[in-house]
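Quick note: residue numbers are just sequence positions, from 1. In what follows, every heavy atom counts, from backbone to side chain, and hydrogens, waters and symmetry copies are set aside.
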Amino acid sequence: MSREDMVKDVIALTERTAPDLEVKVTADLSFDEMGMDSLTRIDLLAAVEKAYGLEVPDDKIGDLIRITDVVDFLTASKAGV
């Protein structure tokens, strides 16, 4: 899967997880800028884990503040970095 496809996929997961967001979801907005609370963010990361068959370590959760951060994590995880 290309990076662009991953970005689109994580945007779609974000929109499904938080359908009531009042802004257009883009890869560069922070989850806070989208109006996402911390519980919804955890729900999103759980959906990402399930979709990609990966586990986000607890110490990485705080670093994932944008969709681009999530995609970077997925790319590094898939590459075994």
Side-chain angles (χ1 to χ4, degrees):
M1 177 179 283
S2 73
R3 180 176 175 78
E4 183 178 319
D5 289 338
M6 275 188 190
V7 168
K8 289 177 184 176
D9 191 43
V10 176
I11 287 173
L13 285 170
T14 303
E15 290 171 339
R16 282 195 299 273
T17 302
D20 57 343
L21 296 177
E22 296 180 6
V23 297
K24 178 174 173 26
V25 177
T26 67
D28 294 321
L29 279 178
S30 73
F31 296 124
D32 286 339
E33 291 170 324
M34 291 180 205
M36 189 180 289
D37 63 31
S38 59
L39 291 177
T40 305
R41 190 170 142 205
I42 295 299
D43 288 343
L44 170 62
L45 293 177
V48 168
E49 288 175 331
K50 184 176 180 180
Y52 287 89
L54 297 169
E55 184 174 331
V56 178
D58 290 342
D59 64 335
K60 294 288 184 192
I61 291 173
D63 298 336
L64 305 178
I65 60 170
R66 293 178 180 77
I67 289 174
T68 52
D69 299 327
V70 174
V71 171
D72 289 344
F73 170 79
L74 292 171
T75 302
S77 295
K78 292 288 187 183
V81 176

Thr17 side, atom OG1; Phe31 side, atom CZ - distance, nearest 0.5 Å
9.5 Å
Does the side chain of Asp28 reach to within under 4.5 Å of the side chain of Ile67, using non-hydrogen atoms?
no
Residue pairs passing the salt bridge (charged side-chain N to carboxylate O under 4.0 Å, His left out) test with at least one member in residues 3-21, sequence neighbours excluded, are Arg3-Asp72, Glu4-Lys8
List the atom of Leu29, the atom of Met34, and the distance in Å for their closest heavy-atom pair.
O-CE, 3.5 Å
Given the rule that I, L, V, M, F, W and Y join up when any side-chain heavy atoms are under 4.5 Å apart, are Ile65 and Leu21 in one cluster?
no
The side-chain contact (heavy atoms from CB on, under 4.5 Å) partners of Leu45 (sequence neighbours excluded) come to Ile61, Leu64, Val70
For residues 48-63, which residue pairs pass the salt bridge (charged side-chain N to carboxylate O under 4.0 Å, His left out) check, not counting sequence neighbours?
none
Restricting to pairs with a member in residues 36-48, which pass side chain to side chain donor-acceptor pair (under 3.5 Å), not counting sequence neighbours?
Asp37-Thr40
Heavy-atom pair of closest approach, residues Arg66 and Ala27
CB-O, 3.8 Å
CE on Met6 to CZ on Phe73, rounded to 0.5 Å:
11.0 Å
So if you build clusters from Ile, Leu, Val, Met, Phe, Trp, Tyr with side-chain heavy-atom gaps below 4.5 Å, do Leu44 and Leu39 land together?
no
